[in-house]
Amino acid sequence: MAGQAQQVIERFWAIQDAGDYTKLAPLFAEDAVVEDPVWGTFKGRDAILTFMQTMVKEMGARSISFTVDEVCGDDHACWARWTMHSPEGTRGGCGIYKVEGGQLTYYRDYMDPPEGGGDSA
């Protein structure tokens, strides 16, 4: 049975799959931390919301979307395996998440290197 963390991350992905990342902000605790391998580290819900606004703009402009492939977690921690889809092809990755009191307190993504060894997103 899925724990609280997994339930939160399943909501996270349902929202993210719809494309409006700004709607993710309420899932984060006021003092949450997001570490993104491309965009950097964001501390606090306000900074995370600003990052999510950037994601809406940039992912839309680049025709990039993400789909979740697998989610697994307990009451406190969760991981998700995902796929990034772009005009150049697909790229895999995973996210790790920490949840307390029904809100995300930590989120970090890891991304597979692009085919051919380049560093573009």
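Side chains are part of it too, since the values below use all heavy atoms of this structure and drop only hydrogens, waters and symmetry mates.
- The distance from the CG atom of Leu49 to the CE atom of Met55 is 13.0 Å, given to the nearest 0.5 Å.
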* Any chance you could lay out the side-chain contact (heavy atoms from CB on, under 4.5 Å) test for Tyr106 and Ile96, step after step, and finish with the verdict? => CA-CA 8 Å; Tyr106 179 79; Ile96 58 169; 4.0 Å; yes

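- Across every non-hydrogen atom of Pro37 and Asp109, the tightest pair is CD-O, 3.4 Å.
- For the residue pair Pro87 and Ser63, the shortest heavy atom distance occurs at CD-O, 3.5 Å.
- Here Lys98 contributes atom NZ and Cys78 contributes atom SG; the two are 14.0 Å apart, rounded to the nearest 0.5 Å.
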* To do: Would you please test Leu24 and Phe12 for side-chain contact (heavy atoms from CB on, under 4.5 Å) and show each step?
  => CA-CA 6 Å; Leu24 295 170; Phe12 175 97; 3.6 Å; yes

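- A chain of hydrophobic side-chain contacts below 4.5 Å, direct or via other Ile, Leu, Val, Met, Phe, Trp or Tyr residues, connects Met111 to Tyr97.
- Taking all atoms of both residues into account, the shortest heavy-atom contact from Asp36 to Val38 is OD2-N, 2.9 Å.
- Defined by atom type and a distance below 3.5 Å, a donor-acceptor pair is present between the side-chain atoms of Tyr110 and Arg108.
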* Asked: Does the side-chain contact (heavy atoms from CB on, under 4.5 Å) test come out yes or no for Val33 and Thr105, once each step is laid out?
  -> CA-CA 6 Å; Val33 175; Thr105 59; over 6 Å; no

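- When all heavy atoms of Asp75 and Gly3 are compared, the closest pair comes out as OD1-CA, 3.3 Å.
- The one candidate from Met59, Arg91, His85 that meets the side chain to side chain contact (heavy atoms under 4.5 Å, CB included) condition with Phe66 is Met59.
- Taking 4.0 Å as the cut-off between side-chain N and carboxylate O, Arg81 and Asp69 count as a salt-bridged pair.
- When atom types are taken as modelled, the side chain of Gln6 and the backbone of Trp79 share no donor-acceptor pair closer than 3.5 angstrom.
- Taking the six-membered ring where the residue is Trp, Phe42 and Phe51 present parallel rings, their angle staying beneath 30° rather than reaching 60°.
- With no hydrogens or angles considered, no side-chain donor-acceptor pair links Tyr21 and Gln53 at under 3.5 Å.
- Listed here is the closest heavy atom pair of Gly95 and Trp82: N-NE1, 3.5 Å.
- To the nearest 0.5 Å, atoms NZ (Lys23) and CZ (Arg11) are separated by 15.5 Å.
- Atom OG1 of Thr90 and atom CD1 of Ile64 lie 12.0 Å apart (nearest 0.5 Å).
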* Asked: Does the side-chain contact (heavy atoms from CB on, under 4.5 Å) test come out yes or no for Leu104 and Ile9, once each step is laid out?
  -> CA-CA 8 Å; Leu104 278 153; Ile9 300 313; 3.5 Å; yes

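- Between the CD atom in Glu88 and the CZ atom in Arg62 there is a gap of 9.5 Å [rounded to 0.5 Å].
- Here CG of Asp74 is found 11.0 Å from CD of Gln7. Values are rounded to the nearest 0.5 Å.
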